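Right, one structure below, let's go through it.
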Amino acid sequence: MIARPSRPHTPMRPLWRCRNCGAEWPCQPARLSLLSEYRHDRTGLLIYLGTLMVEAGQQLAQLNEHQVPDLSDRFVAWARARG
Ligand SMILES: [Zn+2]
């Protein structure tokens, strides 16, 4: 058993890094928990991620002097149904 405080892997705005592990959000644990949370609603997950991607794009663009990073791989592509 790993004794670790269960801090959720949620994004820290406006940097969009994980509060727990510091990786770019959604980090791997965040992806896994989203996939399990939305396992019966893949469309809902994609809509949710799309909304977050827009928000992150706006906030990151302000930090990056208005260069909008391409976030579609990071936020959405991994969640599309496979196969
Ligand atoms: Zn994390």
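The model shown is predicted, which means the values in this text are computed figures rather than measured ones. These values consider heavy atoms only, across backbone and side chains, with no hydrogens, waters or symmetry-generated copies. Just so you know, ligand 1 is whichever comes first in the structure, and atom 1 is the first atom listed for that ligand.
- Rounded to the nearest 0.5 Å, atoms CE (M53) and CG (L60) are 12.0 Å apart.
- The set of protein atoms (N, O or S) found at less than 2.8 Å from the Zn ion (ligand 1) reads H9 ND1, C18 SG, C21 SG, C27 SG, by chain and number.
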Margin query: Under the criterion side-chain hydrogen bond (donor to acceptor under 3.5 Å, both in side chains), I'd like the reasoning laid out for D41 against T43: C-alpha separation, chi angles, the key distance, then a yes or no.
Written below: CA-CA 5 Å; D41 186 11; T43 306; 4.9 Å; no

Notebook entry, point to check: Should E24 and W16 be marked as a side-chain hydrogen bond (donor to acceptor under 3.5 Å, both in side chains) after you check the CA-CA gap, both sets of side-chain angles, and the distance that decides it?
Noted result: CA-CA 6 Å; E24 290 191 330; W16 290 84; over 6 Å; no

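- For the atom pair CE of M12 and CG of N20, the computed distance is 10.5 Å after rounding to the nearest 0.5 Å.
- Aromatic ring orientation, W25 versus F75: tilted (interplanar angle from 30° to 60°).
- Put simply, the side chain of R39 gets close to the backbone of S36: a donor and an acceptor are under 3.5 Å apart.
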